Visitor: 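This is the structure I have questions about; it appears just below.
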Amino acid sequence: MTVMSYLGAIGAAQREAMEADERVVIIGEDVEANVYGTTGAGKSRKDKGDFLEMFGANRIRNTPISEEVIVGAAIGAAMTGLRPIVDLSYSSFLYMAMDQFVNQAAKNRYMFGGQASIPVVFRSAMFYGLNTGAHHSDRPYPMFMNVPGLKIIVPSNPYDAKGLLRTAVDSDDPVLTFEACLLWGSKGEVPEEEYKIPFGQANVARTGDDVTVVAISSAVPEALAAAETLAGEGVSVEVIDPRTLVPFDTEAVIRSVQRTGRLVIADPAHRTCSAAAEISAIVAEEAFESLRAPIMRVTTPDTQIPFSPALEKQLYPNRTKIEDAVRRVTGLMANTLNTELTSPAPRM
Amino acid sequence: MTVMSYLGAIGAAQREAMEADERVVIIGEDVEANVYGTTGAGKSRKDKGDFLEMFGANRIRNTPISEEVIVGAAIGAAMTGLRPIVDLSYSSFLYMAMDQFVNQAAKNRYMFGGQASIPVVFRSAMFYGLNTGAHHSDRPYPMFMNVPGLKIIVPSNPYDAKGLLRTAVDSDDPVLTFEACLLWGSKGEVPEEEYKIPFGQANVARTGDDVTVVAISSAVPEALAAAETLAGEGVSVEVIDPRTLVPFDTEAVIRSVQRTGRLVIADPAHRTCSAAAEISAIVAEEAFESLRAPIMRVTTPDTQIPFSPALEKQLYPNRTKIEDAVRRVTGLMANTLNTELTSPAPRM
Amino acid sequence: MDLSSQNLLEMQRRMLRIRRFDERASKMVKRGQIPGTVHTSIGQEAQVVGACMALGDGDYMSGNHRSHGHPIGKGSPLGPLMAELVGKATGVCQGKGGSLHLADFAVGSLGESGIVGSSIPIATGAALSSKVLGNGKVSLAFFGDGAANQGCLYEAMNISGVWNLPVVFLCENNQYALSTPAHTVTSGVIADRAAGFGMPGVRVEDGQDVLAVFEAVTTAVERARRGEGPSLVEVVTYRFNEHSEGLRLGTDYRDAEEKAAWVERDPIVLFRRHLEREGIATAEELDALEAEVLAEVDEAVRFTDESPYPDPSVAFKDLYTEPIGAIA
Amino acid sequence: MDLSSQNLLEMQRRMLRIRRFDERASKMVKRGQIPGTVHTSIGQEAQVVGACMALGDGDYMSGNHRSHGHPIGKGSPLGPLMAELVGKATGVCQGKGGSLHLADFAVGSLGESGIVGSSIPIATGAALSSKVLGNGKVSLAFFGDGAANQGCLYEAMNISGVWNLPVVFLCENNQYALSTPAHTVTSGVIADRAAGFGMPGVRVEDGQDVLAVFEAVTTAVERARRGEGPSLVEVVTYRFNEHSEGLRLGTDYRDAEEKAAWVERDPIVLFRRHLEREGIATAEELDALEAEVLAEVDEAVRFTDESPYPDPSVAFKDLYTEPIGAIA
Ligand SMILES: Cc1ncc(C[n+]2csc(CCOP(=O)(O)OP(=O)(O)O)c2C)c(N)n1
Ligand SMILES: Cc1ncc(C[n+]2csc(CCOP(=O)(O)OP(=O)(O)O)c2C)c(N)n1
Ligand SMILES: [Mg+2]
Ligand SMILES: [Mg+2]
């Protein structure tokens, strides 16, 4: 085992993937100068281990600022023999290439009756919580979940970040990664040897009996902190990190709710049509008989992200909000409408 | 009262809005030749009443095929004194301008602290169910519901189509309309005089006591047909048409479920993170105590849309699937996992 | 250009295939035998075939909604194409694509796209893969005068210029985008846009002359193959039919005289005259060729008619390479 | 160009405002007084001010992440801008935009955009509204050499050419997009791209000369105002600081000599020399001007410091014009 940061783990996965398969190439803005820190040796930015020096300009493709053609070209390249990893930096820039994601990446294999596979990985980071303003703080994975044909991963720690990214590169289907910038610096143990984490297998981050908390991305550490506090109050919380949203490990969540009878979902996305909505709907349909309390969602309310430090932080799911939600579903707190939880959120 | 088709109602609303306010302009591909039938007099396509002749080329803006700048320019124009209606024809083309929808239309007013309003309407039609293939059959409203700052309407009949569109043009905020091509030809009574339908007020299309069916867009007539059949079996179904998805009339749904105790949602969008997911999650959170059965979603499964007539039709919510879902939640049918409903849908 | 008689006859054969296939498809749409609609390349055969024949068999190509002409021009057999239009299991995409969303990877067709402009980046990516893998393949993107106003074209031209990609951007300027005359929505001249992106831009004024098209595209393909980068070729042509079959607009946005003048310049008639005049083939040989092609189309329809529809379960296949969940 | 001394001094004043404001903001970022980051226009003042002064007060403008220079150049007061950068309630956007996402509608600033290229269509739309309403306003879109590779620029150029819109596309070519040298990702010459879209394209080679910029942009603005349509102006300049303040890349992608040579050509120093040489102002008058501007910046910081942070409930306001649901 070795200790790695989340960002370091991504860099390491990329390096391994590049070494393992010559068809893997990295495409993106400023990848040559390693501006975002995942195309260097993981030490300083300019040293012998630079990806550009290791793999050459043929495989490290520094691009113009042209997201639509970058994404489209990666799809075309994937259909014809390469296995590109595309670094799109911020998740808020994905919209620039939306047509290529939805109409080409997700549909081509299907429309063409399986004539081609599209082994491509699109990486992007969600910079929310860092006062970067509305154009830099999006967490748009729910809209991609609504597009059949894409796979979506949301690693919450260095171990998962590395293992899931290796699997993503191996996948013959398009994969979108949503990395949480808030977690970039977080450290964790990672095996020395290569490993890959299968998609569709949730991680039970903490076992418990009274309430199931499904937490996504940066909400996972918050949920774990909440669980710790609640343990002190005699409430035993199970924390499930789905790790991949498509495919989603329905069974793990159902099994847990069948035991606990209560579900809270912590999801940093905007509330309406969030991943939390989907998970709630699955459980309300498939495990209704086990439910002993309302399903509560702790999400970012349906407002855009303000810049001011006086305004932003209150919006995201945090340990306190998760604790309150758990207290409500366990009857430790009056169970009033959820809207007060994220007060003064607009209600719709 | 006069009888109008759905498409005719949209044309009539546009004409009234153009006449009522000089700042209203129509922007879009092929609007000059009235290719999509909403910029003519509603009679034949080329006659005295043509919009181009009535309003002139200054206000009827035929465009190049450039969705990104069309949408962006409409936003910029709306911020500076016009009130554009943009005709984007097929909903599957919206992705081309996704950045403008999400990063400009939805965010500008908020980011700039309310300095500008953005009174613009983006119209598009969903052509599903007509063997037009995967690039022409999308029903992407759920992904826009995840974007705070946009309003979304989904009229299901001529009366609503006309009344909601008039309100949309009056709105000082960006509104997206998703029209169902399947309903274009459907006829209905429409008042002679001008009228507008407020946003956020659901229509109870049929009252009932045993089960609440919330149905969206073209699923509304299917739900009504199912209700009729089920009435014959002694099951009384209430059909609610939300009409606008943002804002959503939460109260109407909650009130109904509090009475019926059972909820089925029929939504033509793809299942994962659908509008149905959101409605289910709202009810599982706010009306849990009233629920007497699992909440069932009847949606399009998470597959892309195939062209062949042998493949396509089975995918969408129809009266039979809605009936089955109602029978399950009322115990008239064995309540097994939903996935069999849309069999053989992939399950995630 | 040094073309064998065999190649010249193959050009005529492919143009005829497009014409007869599209004529048949048009009828079938009107009779309800093909669901949805189709967009024919009738009138544009010289532009399609001249471009396709300039490519090698292994080269790549992407296209648009005007979708059967391209694969036919590149050598696709007609049966699976026709079966696809009808939605049969034997369709080239198992009936899942349909007319606008065809692909035939066997001939390098990476996909026709129903989204105007959207397949241009795909062809660019195929060129990138050729370049990285060093396999010498060239890529060609077909798109219309309407698509030439989509921004992704300029992103694609720029990035392939920077990376020296082996790609040819081929604008089929049939002078209309649906009901909209190109000159009313195009500022400047499409071919002239190449210069600002550092690449050659050629305008083939007579797109009804298959040899003129072939020559211009061959120059571009050879340049690409030599590693000298992309080119833009604009071909001026005309579609003889409506934008799509069965479409009825109350107004005709095209001048009757203009149309008549273009129909007069039928690329197949013109090339037949050329072949006869140059002694490449006799009238009898050319008649026989036409009969052969007609028989091919008949056979494609027979193949289609005899093919089954796909099993409903096919709707749930091929979304992912590795299915991601249990099928209930 | 016929410029009064007053106008010339106003140019120097606005350049100085940008310089001193950005210098102060840079310090505040490094001290943690401004959250996030800021992108300065230091070194590019001539390009910004030359362009802004060519516009009338009522004219529109859109910009990008390098965001304070533009409104300052157009005449915004400094206090609300600085307060915005800190996230105070008195910020020009109530603290909700922040550095990259500013707007000051009072001076025609329709918004700086954090999304590269994304505000170009917005300026185009403002020009459309001028045209439809016939109010004579001109619109100018600022964007970088990096943004010049976004497709929406070409869609915007095309549509404004077709509609003859009163808009100026102003490319701030500071030769780098973040770490990426423009020449490595740009095929052809940006200004030359105008020709293919049927409009004039001018390259101002010395973007450090405020009068050269002013002249080129004035020509474009006058053309637009006369109803003759859009123009593209590319200005070659250089940013003296890092891409954004506080950014530390281990490698320097810019050559030290290149940088030194550009810093040598400081637009403010050059213009001060010009003003003295031409007898427009004395050294003492110019010293006084500099002191005045410094005082303005001090005052902006004082204003900011004394301003409250917004109430948390402000996060839930102004999303919609008419709130769409109960606020719990
Ligand atoms: C992104 C997008 N916008 C609009 C359409 C609708 N549409 C289909 S074909 C067409 C005209 C295309 O014109 P052109 O590119 O010149 O090709 P042509 O049909 O003339 O061959 C339009 C507007 C579409 N399919 N995709
Ligand atoms: C759509 C998009 N892609 C990428 C980025 C990240 N980014 C921010 S600024 C920048 C460089 C912009 O370069 P240029 O347009 O030349 O402007 P400059 O910073 O040089 O003034 C990049 C890549 C972004 N903000 N938006
Ligand atoms: Mg055309
Ligand atoms: Mg730059």
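Below, each value reflects all heavy atoms present in this structure, side chains not excepted, and no hydrogens, waters or symmetry copies. Bear in mind the structure is a predicted one, so any value in this text is a computation, not a measurement.
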Visitor: Judged by atom type as modelled, is there a donor-acceptor pair below 3.5 Å linking the side chain of B:Asp30 to the main-chain atoms of C:Ser179?
Guide: yes
Visitor: I need the residue from C:Lys96, C:Lys317, C:Gln150 with the largest number of non-hydrogen atom pairs under 4.5 Å to chain B.
Guide: C:Gln150
Visitor: Could you tell me which portion of C:Asp311 (side chain, backbone, both or neither) has an atom closer than 4.5 angstrom to a non-hydrogen atom of chain B?
Guide: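 The answer is the backbone of C:Asp311.
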Visitor: For the residue pair B:Arg271 and B:Asp302, what are the closest heavy atoms and their distance?
Guide: N-OD1, 3.2 Å
Visitor: Picking from C:Arg66, C:Glu172, C:His68, what satisfies side chain to side chain contact (heavy atoms under 4.5 Å, CB included) with C:Ser41?
Guide: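 Answer after filtering C:Arg66, C:Glu172, C:His68: C:Arg66.
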Visitor: Where the side chain of C:Ser67 meets the backbone of C:Ser99, is there a donor-acceptor pair that is under 3.5 Å apart?
Guide: yes
Visitor: Which of residues 55-63 of chain B have a heavy atom under 4.5 Å from any heavy atom of chain C?
Guide: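 B:Asn62, B:Thr63 fall under the 4.5 Å cut-off.
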Visitor: For residues 130-143 of chain B, which residue pairs pass the salt bridge (charged side-chain N to carboxylate O under 4.0 Å, His left out) check, not counting sequence neighbours?
Guide: A:Lys107-B:Asp138
Visitor: Please give me the minimum heavy-atom distance between B:Ile322 and B:Ala266, naming the atom from each residue.
Guide: CD1-CB, 3.8 Å
Visitor: Where on C:Leu178 is there a heavy atom nearer than 4.5 Å to chain B: the side chain, the backbone, both, or neither?
Guide: both
Visitor: Only one of C:Thr40, C:Ile42, C:Val38, C:Leu85 passes side chain to side chain contact (heavy atoms under 4.5 Å, CB included) with C:Phe21; say which it is.
Guide: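 Between C:Phe21 and the candidates, side chain to side chain contact (heavy atoms under 4.5 Å, CB included) is satisfied uniquely by C:Leu85.
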Visitor: Partners of B:Ser218 by side chain to side chain donor-acceptor pair (under 3.5 Å), sequence neighbours excluded?
Guide: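 Side chain to side chain donor-acceptor pair (under 3.5 Å) check on B:Ser218 returns B:Tyr128.
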Visitor: Applying the ring pair (Phe, Tyr, Trp, His ring centres under 6.0 Å) test to B:Phe101, which of B:Phe122, B:Tyr141, B:Phe93, B:Tyr95 qualifies?
Guide: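 The option that passes is B:Phe122.
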Visitor: For residues 111-121 of chain C, give me every residue with a non-hydrogen atom less than 4.5 Å from any non-hydrogen atom of chain B.
Guide: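 The stretch touches chain B at C:Ser113, C:Gly114, C:Ile115, C:Val116, C:Ser118.
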Visitor: Which atoms of B:Gln304 are under 4.5 Å from chain C, going by heavy atoms: the side chain, the backbone, both sets, or neither?
Guide: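 Backbone plus side chain of B:Gln304, per the 4.5 Å heavy-atom cut-off to chain C.
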Visitor: I need the residue from B:Pro306, B:Ala134, B:Pro64 with the largest number of non-hydrogen atom pairs under 4.5 Å to chain C.
Guide: B:Pro64
Visitor: Counting only non-hydrogen atoms closer than 4.5 Å, does B:Glu29 touch chain C with its backbone (N, CA, C, O), its side chain (CB onward), both, or neither?
Guide: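 For B:Glu29, neither part sits under 4.5 Å from chain C.
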Visitor: Hey, what's the ring geometry for C:His243 with C:His65, parallel, tilted or perpendicular (30° and 60° as the breaks)?
Guide: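 The rings of C:His243 and C:His65 sit tilted, inter-plane angle from 30° to 60°.
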Visitor: Within 45° of the six-membered ring axis of C:Tyr309 and under 6.0 Å from that ring's centre, is NZ or CZ of C:Lys88 located there?
Guide: yes
Visitor: For B:His136, which of B:Tyr90, B:Phe307, B:Phe127 qualifies under ring pair (Phe, Tyr, Trp, His ring centres under 6.0 Å)?
Guide: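 So, applying the ring pair (Phe, Tyr, Trp, His ring centres under 6.0 Å) to B:His136 and each of B:Tyr90, B:Phe307, B:Phe127, only B:Tyr90 qualifies.
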Visitor: Out of the candidates C:Val92, C:Val301, C:Asp305, only one should pair with C:Met82 under the side chain to side chain contact (heavy atoms under 4.5 Å, CB included) rule; please name it.
Guide: C:Val301
Visitor: Tell me, side chain or backbone of B:Thr132 under 4.5 Å from chain C's heavy atoms, or both, or neither?
Guide: backbone
